[in-house]
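What you see below is based on every heavy atom in this structure, not just the backbone, and it leaves out hydrogens, waters and symmetry mates. Please read these numbers as outputs of a predicted model, since none were measured by experiment.
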Amino acid sequence: MPPYPYSPTDCSLPPPAPLYFRHEQFLANTDFEWHVHPWGQINRISLGILALQLPDRTLAAPAEYLVWIPADVAHAAHIRQALDYVSVYVAPALAAQLPPQPCLIPQTPLLRALLDDFCQRGITAMVDEWDTLQAQLLVQRMVQAGSQVDYLPDSHDRLLRPVLQALRAQPGDNTTLASWAVRVHSTERTLARRFQQQLGMSFAAWRNRVRLLQALAGLKAGRTVADIAAELGYATPSAFIAMFARHTGITPERYRRQLLAGRA
């Protein structure tokens with residue numbers, strides 16, 4: 001038995017064969033209480049950040065990622081900004097190909113194109129053999145794209161640990177990887193390799209993620225874009241705005257306006 005009952009909406013839907021799409025629009029600061037689904041679920045948002053609360057952690061993901069939740073895994077959600085949302089239920093046979101735990105899957109250009117096609121046509125249930133083949137290809141490409149357990153992974157590696165701790169404490173630190181290598185008595189090449197091996201991303205990518213999460217907190221607190229950009233080590237606000245838009249799909253100012261609209 002799942003830890004929570006299925007929603008009446010889920011119970012009224014046909015089983016995915018092999019996928020079933022739900023297309024919705026949410027207002028800013030929309031909350032969803034703890035629930036489960038009878039099928040695996042792919043979550044896709046159009047912009048901003050999706051935060052899912054799991055029993056043991058919070059899984060936060062910007063719009064460049066899909067969020068995979070296996071069947072019967074309890075979760076709650078908080079939508080910070082108004083956005084278009086797509087929930088894709090996955091039949092058990094296809095879901096078995098995806099990870100057994102909740103995770104993030106990067107939206108590669110092909111994944112984005114496959115999903116965009118389904119969404120633009122307003123597909124819910126598969127209508128023909130071509131849709132079924134496209135659905136199978138979508139899941140296969142999700143498997144190929146790989147997954148991440150967390151948007152901001154951690155490591156206890158003796159070389160990485162001091163770097164990660166320092167950047168979490170001060171995201172605006174612009175110390176180069178070469179300088180960090182000297183501090184931890186290593187080489188730039190070795191440290192770069194550890195980032196890829198332990199965290200699955202480069203030093204610069206990990207630091208950008210720390211900065212993005214700090215920026216979201218600053219915008220929620222009402223701080224100006226210029227102040228946040230300076231605190232995060234950007235030479236100009238425009239450089240910060242470009243990073244923010246690349247990860248979330250919207251500018252910091254638009255994100256702030258949507259937060260304020262949700263409080264009205």
Q. Where do L98 and V143 land on the side-chain contact (heavy atoms from CB on, under 4.5 Å) test, with the steps shown first?
A. CA-CA 6 Å; L98 295 168; V143 173; 3.8 Å; yes
**Q.** Minimum-distance pair of heavy atoms, taken over all atoms of L167 and R207
**A.** CD2-CD, 3.9 Å
Q.
I'd like to know if the side chain of W34 reaches the main chain of Y4, judged simply by a donor and an acceptor atom lying under 3.5 Å from each other, with no hydrogens or angles considered.
A. no
**Q.** Shortest non-hydrogen contact from G146 toward P106
**A.** O-CD, 3.4 Å
Q: To the nearest 0.5 Å, tell me how far T30 OG1 sits from Q25 CD.
A: 11.5 Å
(Q) Among I105, V88, L115, V67, which residue satisfies the side-chain contact (heavy atoms from CB on, under 4.5 Å) criterion with I42? (A) V88
Q. Between the main-chain N or O of V73 and the side-chain N or O of H75, is there a donor-acceptor pair closer than 3.5 Å?
A. yes
Q. What are the two closest heavy atoms between P55 and A74, and how far apart are they?
A. CD-O, 3.3 Å
Q) Do any N or O atoms from the side chain of W206 and from the backbone of P153 form a donor-acceptor pair under 3.5 angstrom? A) yes
Q: Measure centre to centre between the rings of F244 and Y234, then say whether the value is under 6.0 Å.
A: no
Q | Residues that Y20 engages under ring pair (Phe, Tyr, Trp, His ring centres under 6.0 Å), provided they are two or more places apart | A | none
Q. Rounded to the nearest 0.5 Å, how far apart are CE of M201 and OH of Y151?
A. 8.0 Å
(Q) Determine whether a donor-acceptor pair (N or O, by modelled atom type, separation under 3.5 Å) exists between the side chain of D131 and the backbone of V127. (A) yes
**Q.** Distance in Å, T248 OG1 paired with M243 CE, rounded so as to fall on 0.5 Å steps
**A.** 8.5 Å
Q) Counting N and O atoms only, with roles assigned by atom type, does the side chain of N174 sit under 3.5 Å from a partner on the main chain of G233, one being a donor and the other an acceptor? A) yes
(Q) Whether D150 and R57 form a salt bridge (side-chain N of Lys/Arg under 4.0 Å from carboxylate O of Asp/Glu) is what I want to check. (A) no
Q: Give a yes or no on whether L111 and Y85 share a hydrophobic cluster (residues Ile, Leu, Val, Met, Phe, Trp, Tyr; joining criterion: side-chain heavy atoms under 4.5 Å apart).
A: no
Q. Is it true that the NZ or CZ of R183 lies under 6.0 Å from the centre of W180's six-membered ring and within 45 degrees of the ring axis?
A. yes
Q | Distance in Å, L59 CG paired with N43 CG, rounded so as to fall on 0.5 Å steps | A | 9.5 Å
Q) If you look at every heavy atom in L110 and R141, which pair is closest and at what distance? A) CD2-NE, 3.3 Å
Q: Mark yes when over 12 heavy atoms from residues, nucleotides or ligands other than E24 sit less than 6.0 Å from its CD; otherwise mark no.
A: yes
Q: For the residue pair F195 and F203, categorise the inter-ring angle as parallel (less than 30°), tilted (30 to 60°) or perpendicular (more than 60°).
A: perpendicular
Q. Are the side chain of H23 and the backbone of I123 linked by a donor-acceptor contact shorter than 3.5 Å?
A. yes
(Q) Strictly distance-based, threshold 3.5 Å: is any side-chain N or O of Q107 a donor or acceptor partner for the main-chain N or O of A63? (A) yes
(Q) Starting from Y255, can I reach Y65 by hopping between I/L/V/M/F/W/Y residues whose side chains sit under 4.5 Å apart? (A) yes
Q: For the pair R161 and D154, find out whether any cationic side-chain nitrogen is under 4.0 Å from an anionic carboxylate oxygen.
A: yes
Q. Sub-3.5 Å donor-acceptor pair from the side chain of R44 to the main-chain atoms of V86, do we have one?
A. no
Q | Atom pair CD1/CD1 of I241 and I250 - distance to nearest 0.5 Å | A | 12.5 Å
**Q.** Main-chain N/O of R158 paired to R194 side chain as donor or acceptor, under 3.5 Å
**A.** no
**Q.** same_hphob_cluster(L54, L50) at 4.5 Å side-chain heavy-atom cutoff
**A.** yes
Q. Considering residues at least two apart in sequence or located in another chain, which fulfil the ring pair (Phe, Tyr, Trp, His ring centres under 6.0 Å) criterion with W39?
A. Y89
Q: Answer yes or no: are there more than 12 heavy-atom neighbours, outside R22 itself, under 6.0 Å from its atom CZ?
A: yes
Q | Closest approach of E188 to A178 (non-hydrogen atoms, all atoms of both residues) | A | OE1-CB, 3.5 Å
Q: Might you point out which heavy atoms bring D10 and V36 nearest each other, and give the distance in Å?
A: OD2-O, 3.8 Å
Q: State which residues pass ring pair (Phe, Tyr, Trp, His ring centres under 6.0 Å) with H247; sequence neighbours excluded, sorted by chain then number.
A: none
